[in-house]
Amino acid sequence: MIAQINPNYIKTRPMKVLPRFISYALFEGRPVTTKGRWINPLVFSILKTASTTKNRYKSIEKPIFILGTGRSGTTILGIVLSMHREVGYLNEPKAIWHVIHPHEDIIGNYSRGDAKYRLAAEDATGDMRQRATQMFGAYLTVTGSKRIVDKYPELIFRVGFVRALFPDARFIFLARNGWDTCHSIANWSQRLGIQVNGEKHDWWGVNDRKWKLIAEQLVETDPAFAEIADETKGFERHLDRAAIEWTVTMQEGLHLLQALPDCIHLVRFEDLTRETDKTLDALCSFCELPADNTFREYARQTLHPVPARKPFDLHPKIAPLFDEMMEKLRYNS
């Protein structure tokens, strides 16, 4: 399904199809685990031109960023929001972010150089602000959109950096039951992992690049993981690695909710799919998106409850921290 477009998407709001194709083909970039990487040189050429041109593009007002753990429903939330008449939706536009900051590539999509999982406000420079403003502004101009929704879950570790670029940004922290999320990550990696020229490309990056960065830059530096940090580096099972990623990501989200309550809004995937109207009312109010009946009807047609996955045996080193986070998020009640 190219650009996450299906027949119902086309039928509901046909004018949204072209902006989605533009987003997919010209702005987002193709990661290492997908086909069509031949288009990346064109994408980077467009982005670099947009980032350096003297053209005055649309201004960026209150951009919206979807954060969380991948495989937790971030894509379906982004697609639903893309149906709003004011929104232009970018699905993990890592090409844009790589042009903004050369060391942000934790997967190895475009670079094998050093990478930083966390980016703070002090990592943002004036040139980066200029590039970000120009590229996102060009995107709004080309697609005729008013507001940007950018789904890039790992930005949850870069909120300070993003706010330095866009001080009025809004962040949606999407949480989902840990068992469901971890099952989905493991299944994705087993199903779509590939070998390319002697390199392993899967959920954990090129030759485990992402996993090593999680272990070294997130787990090893976190006091909550101090007693298990060394052992978790050797985790090989997808489910155990996924439990680490989910736990450390949910912990980051809860910290952000406490520290920045005015710009971060919690959405539980289960509420989104079971109480769609109520959840979207609160979300749209937080994001200052006006009422849109077509968008709301599309959400009702698209979002449905998903049966919960069964618990599985976790490595004993991560199980206590995983269970504690499940309690904090009220998934064990």
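Here the structure is a predicted model, which is why all the values come from computation and not from measurement. Scope of the values below: all heavy atoms of this structure, side chains included, with no hydrogens, waters or symmetry mates.
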His238 and Trp204: side chain to side chain donor-acceptor pair (under 3.5 Å), yes or no, with the steps?
-> CA-CA 9 Å; His238 291 304; Trp204 308 110; 3.0 Å; yes
Output yes when Arg13 and Asp292 qualify as a salt bridge under the 4.0 Å nitrogen-oxygen rule, no when they do not.
-> yes
For the hydrophobic clusters of this structure (ILVMFWY residues joined by side-chain heavy atoms under 4.5 Å, transitively), does one cluster hold both Phe286 and Val159?
-> no
Can you pull the side-chain hydrogen bond (donor to acceptor under 3.5 Å, both in side chains) pairs that have at least one residue in residues 124-140, sequence neighbours excluded?
-> Ser23-Tyr139
Would a line drawn from the ring center of Tyr9 to the ring center of Tyr298 be shorter than 6.0 Å?
-> yes
Does Thr34 use its side chain to pair, donor to acceptor, with the backbone of Pro31 at less than 3.5 Å?
-> yes
Between the side chains of Trp203 and Glu245, is a donor N or O closer than 3.5 angstrom to an acceptor N or O?
-> yes
Pick one: which of Lys116, Arg118, Arg158, Arg163 meets salt bridge (charged side-chain N to carboxylate O under 4.0 Å, His left out) with Asp123?
-> Lys116
Check whether more than 12 heavy atoms from other residues, nucleotides or ligands sit under 6.0 Å from atom NZ of Lys317, and answer yes or no.
-> no
Thinking salt bridges, do Lys233 and Glu216 make one under a 4.0 Å N-O criterion?
-> no
Looking at CG of Asn332 and CD of Glu324, how far apart are the two atoms once the value is rounded to the nearest 0.5 Å?
-> 11.0 Å
For the residue pair Phe44 and Tyr110, does the interplanar ring angle fall in the parallel (under 30°), tilted (30 to 60°) or perpendicular (over 60°) class?
-> perpendicular
Please answer: with hydrophobic residues joined when any side-chain heavy atoms are less than 4.5 Å apart, are Phe312 and Leu321 in the same cluster?
-> yes
Same cluster or not: are Leu254 and Met250 linked, directly or through other Ile, Leu, Val, Met, Phe, Trp or Tyr residues, by side-chain heavy atoms under 4.5 angstrom apart?
-> yes
The reported gap from CZ in Phe161 to CD in Glu122 (rounded to nearest 0.5 angstrom) is 11.0 Å
Do Ser72 and Thr74 have side-chain atoms, one donor and one acceptor, less than 3.5 Å apart?
-> no
Keeping the roles fixed (side chain from Arg37, backbone from Arg30), state whether a donor-acceptor pair exists under 3.5 Å.
-> yes
Should Leu283 and Leu81 count as side-chain neighbours, where that means a heavy-atom distance under 4.5 Å?
-> yes
Verify the cluster assignment for Tyr152 and Leu260: are they in a single hydrophobic cluster under the rule of side-chain heavy atoms below 4.5 Å apart?
-> yes
Checking salt bridge (Lys or Arg N to Asp or Glu O under 4.0 Å) for the pair Arg296/Asp281: CA distance, chi angles, key distance, verdict?
-> CA-CA 9 Å; Arg296 185 58 59 84; Asp281 280 345; 2.9 Å; yes
Taking the side chain as C-beta and beyond, is there a heavy-atom pair between Glu154 and Tyr117 under 4.5 Å?
-> yes
Report yes if the side chains of Val142 and Ile22 come closer than 4.5 Å at any heavy-atom pair, otherwise no.
-> yes
With Glu270, which residues qualify under salt bridge (Lys or Arg N to Asp or Glu O under 4.0 Å), at least two apart?
-> none
Going by heavy atoms in the side chains, are Phe157 and Gln217 under 4.5 Å from each other?
-> no
Decide whether a cation-pi geometry holds between Arg147 and Tyr89; the criteria are a distance under 6.0 Å from NZ or CZ to the six-membered ring centre and an angle within 45° of the ring axis.
-> no
When clusters are formed by joining ILVMFWY residues with side-chain heavy atoms under 4.5 Å apart, either directly or through shared neighbours, do Val17 and Ile76 land in the same one?
-> yes
Do Asp150 and Trp97 have a side chain donor and acceptor closer than 3.5 Å?
-> yes
Any side-chain donor-acceptor pair under 3.5 Å between Asp222 and Gln251?
-> yes
Do Glu199 and Gln195 get their side chains close enough for a donor-acceptor pair, meaning under 3.5 Å?
-> no
Short question: side chain of Asn55, backbone of Tyr57 - any donor-acceptor pair under 3.5 Å?
-> no
Is the distance between the ring centroids of Phe171 and His265 under 6.0 Å?
-> no
Side-chain heavy-atom pair Ser145, Glu86 within 4.5 angstrom cut-off = no
So, Lys62 and Glu288, do they make that salt bridge, N to O below 4.0 Å?
-> yes
Return yes if a side-chain donor-acceptor contact under 3.5 Å exists between Lys151 and Thr75, otherwise no.
-> yes
Evaluate whether atom CG of Asn8 has more than 12 neighbouring non-hydrogen atoms of other residues, nucleotides or ligands under 6.0 angstrom away.
-> yes
Salt bridge (Lys or Arg N to Asp or Glu O under 4.0 Å) involving Asp208 - partner list, sequence neighbours excluded = Lys200, Arg241
Show the numbers, then the answer: is there a side chain to side chain contact (heavy atoms under 4.5 Å, CB included) between Asp202 and Ile194?
-> CA-CA 6 Å; Asp202 63 11; Ile194 55 175; over 6 Å; no
Are side-chain heavy atoms of Leu26 and Phe21 found at a separation under 4.5 Å?
-> no
Note, Phe166 side chain near Ile148 side chain (heavy atom, < 4.5 Å) | no
